[in-house]
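Working notes for the structure below.
Below, chains carry the letters A, B, ... as their sequence lines are ordered, and counting in each starts from 1.
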Amino acid sequence: MKSFPQRVNKDAKRLVWMLPYGLVFALMVSIPAYSSSYITGLMLITLMYAFGSMSFNLLLGYSGLLSFGHAYAWGLGSYTVGMLVGKGITDNFWLVLGIAIFVTGLVSAFFGFLALRTHGVYFSFITLSFSELLRSSVMKWTKVTGGENGLTGIRRPFALDETSYYYLVLVGFVVCFFIMKWLIASWFGKILNGIRENESRILMLGYNTWVYKYFAFIFAGIFAAIGGLLSAYYYGIAAPDHFSLLVTGNFLLGTLIGGKRTLFGPVLGTAVVVGSNNYISTYTEHWLLIEGAMFILVVTFFKKGIFGYIQEWWKR
Amino acid sequence: MALIIQMLNALSFAAILFLLASGLCLMLSLMNVVNLAHGSLYMLAGYIGYSVGQWADSFLMALVTGISTTALISFLMDRIFFRYFKDHLEQILLTFGFIYIFQDVARTLWHGNYHFVSAPAILSGSIHILGAVFPMFRLCVIGIGVFVALGLWLLQEKTKIGALIRAGVDDSLMVQALGVDINRIFTLVFTMAGALAGLSGVLGSVLIGAYIGADLDILIFAVVVIVIGGLGTLQGAMVGSVLIGFAEVFGRAFLPEFAHFFVYGVMAVILATRPSGLLGRTS
């Protein structure tokens with residue numbers, strides 16, 4: 001007799017959990033209809049950056065790997081568009097997407113092979129140097145990559161206007177969001193969690209932890225590359241800055257503000273970062289100062305992030 | 001002839017890298033602190049050195065001000081922050097925030113301009129040895145690098161403080177249990193690392209110049225040096241600096257478009273064969 005009301009309670013809780021998804025989705029779909037193009041633009045930027053932060057969270061939050069050069073994948077996605085579309089080789093969106101995924105997968109496989117030979121802070125250092133390697137390469141190799149000016153002349157796929165492009169990005173985002181959700185809930189995600197908690201124990205259970213981390217690294221790279229690709233189409237440029245540490249910094253800050261190890265946290269956190277960056281930069285030039293202060297404040301007073309605190313409150 | 005000049009350039013760059021990387025390495029191995037803002041100290045020292053050098057017209061003043069400012073910043077960062085942040089992730093985030101803040105300070109005070117610290121008049125000439133011309137200042141930088149390396153080695157191996165530092169690297173809890181106030185040693189190392197970053201910054205800004213972005217450029221070189229050299233050994237930082245100095249300068253001289261591939265190529269080869277670095281301890 002006791003189990004019945006508890007079960008109802010559980011189902012009700014699950015329903016309440018599903019509700020926000022529906023609400024957020026409805027909100028995102030309707031945004032271009034009722035708000036200004038400025039807000040739509042901010043949402044678009046948020047969604048694109050969310051690819052980066054969500055994949056960053058897969059590594060940091062779930063697998064415990066702090067990839068300090070995650071921008072390498074973002075930049076690869078963006079430069080694939082620059083090389084193919086900007087130079088007029090092809091206009092086929094799906095072909096570009098496929099090539100971006102393939103190239104990033106290949107490069108990630110190589111980077112991951114080297115970087116995952118190390119642990120902890122050395123992993124962060126090495127991934128950082130990889131992204132810097134790519135950044136300095138595209139800066140120097142002017143003939144092919146356009147040097148400091150980057151590659152321009154990128155037209156949006158299917159000649160979409162901003163609102164239609166927003167819907168394209170939204171659909172892509174929803175698909176990838178649910179792939180990520182499924183991945184994290186799966187067997188694979190559980191083992192990644194275990195690796196973060198206690199790697200040697202997972203090793204003792206007979207799993208080759210290296211392989212799991214390796215595939216998480218490659219997958220996260222591909223995910224971020226899609227974001228970079230979408231942003232290159234949006235801005236119409238692939239620039240060396242897309243490989244910079246500041247891009248990784250945005251992923252990191254978004255993940256932390258929203259709450260790492262939560263699915264929706266990085267998305268919300270990215271919205272906060274994008275929104276505040278835009279807001280601050282209209283009032284003062286010192287957005288770097290304020291973003292730096294945000295890092296320090298988050299580390300000091302807001303360790304669990306928005307969704308981390310919501311989860312804690314919910315579990316009570 | 002050109003080869004000798006390039007070697008000299010490589011060695012002087014290696015000396016500057018070593019001054020920075022040794023501090024980073026000491027902080028990481030002894031205190032388990034990742035201080036990404038170390039490159040920012042380098043940049044600040046360069047800018048301060050430039051301004052003071054202009055104002056007082058004295059290289060020595062520039063050097064002293066640059067070093068003491070960064071030492072003070074480093075001291076304060078240890079006292080205010082690092083004492084309470086023991087987790088690597090937290091430290092990385094914290095120092096990442098400092099990178100932003102210092103960059104903003106540099107942008108505000110120096111408007112993002114490119115400045116060179118002017119070398120002292122006595123050292124701005126060159127000397128002739130066996131028919132070859134050597135710029136005095138570069139020789140001097142190499143000399144300072146060797147001198148500091150020797151000094152650090154003596155400090156670490158021959159003095160009581162060095163013994164405590166080495167003991168702290170191995171087991172800081174045990175050192176504390178023996179009645180040593182390890183926090184004071186930590187502060188000392190931190191301040192010393194800050195001073196070395198300042199020295200490196202002022203000297204480096206004579207050769208390379210101070211600019212916005214120098215903080216990250218030099219930080220990444222220092223990070224590669226540490227990765228190559230291996231965890232927590234001064235010798236590792238030394239070998240790594242020389243290797244990277246040569247890779248960078250010779251790469252730039254002979255294949256300018258792909259200069260950085262030499263640096264990262266060296267790193268990739270070493271990582272693939274010896275993941276713990278050349279002289280790293282395998283744990």
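A distance below 6.0 Å separates the ring centres of A:Phe243 and A:Tyr79. For B:Phe96 and A:Phe68, the ring centers are positioned less than 6.0 Å apart. You'll find the ring centres of A:Phe302 and A:Tyr309 inside the 6.0 Å limit. Remark: aromatic rings of A:Trp74 and A:Phe51 are distant, center separation not under 6.0 Å. Proximity of the aromatic rings of B:Phe186 and B:Phe190 is defined here by a centroid distance below 6.0 angstrom, and this criterion is not met. Not less than 6.0 angstrom separates the ring centroid of A:Phe130 from the ring centroid of A:Tyr72.
When B:Asp104, B:Asp87, B:Val263 are compared by the number of non-hydrogen pairs under 4.5 Å with chain A, B:Asp104 comes out ahead. Here B:Ile92 is the residue among B:Val105, B:Ile92, B:Val224 with the most heavy-atom pairs under 4.5 Å with chain A. When the candidates A:Thr142, A:Leu66, A:Ile296 are compared by the number of heavy-atom contacts under 4.5 Å with chain B, A:Ile296 comes out ahead. For the set A:Gly120, A:Ser244, A:Ser136, A:Ala115, the count of heavy-atom pairs under 4.5 angstrom toward chain B peaks at A:Ser136.
Looking at A:Leu133, the atoms closer than 4.5 Å to chain B (heavy atoms on both sides) sit in the backbone and in the side chain alike. For B:Phe81, the part sitting under 4.5 Å from any heavy atom of chain A is the side chain, from C-beta outward, and nothing else. Proximity to chain B is absent for every atom of A:Leu297, based on heavy atoms less than 4.5 angstrom apart. With a 4.5 Å cut-off on non-hydrogen atoms, A:Leu245 touches chain B through its backbone and its side chain both. Both the backbone and the side chain of B:Ile101 come within contact range of chain A, each with at least one heavy atom under 4.5 Å from a heavy atom of that chain. For a residue to count as touching a neighbouring chain, one of its non-hydrogen atoms must lie under 4.5 Å from one of that chain's; by this rule A:Ser129 touches chain B with backbone and side chain alike. There is no contact between B:Phe221 and chain A, counting heavy-atom distances below 4.5 Å. For chain B, the nearby parts of A:Leu246 are the backbone and the side chain; heavy atoms of each come within less than 4.5 Å. With a threshold of 4.5 angstrom between heavy atoms, B:Leu94 approaches chain A through its backbone and through its side chain. Contacts between A:Leu289 and chain B at a heavy-atom distance below 4.5 Å involve backbone atoms as well as side-chain atoms.
More than 12 heavy atoms of other residues, nucleotides or ligands lie within 6.0 Å of OH in B:Tyr114, so this atom counts as buried by the packing criterion.
Taking a cutoff of 4.0 Å between a charged side-chain nitrogen and a carboxylate oxygen, B:Arg107 and A:Glu285 do not qualify as a salt bridge.
Looking at every heavy atom in both residues, A:His70 comes nearest to A:Gly221 through CE1-N, 4.2 Å.
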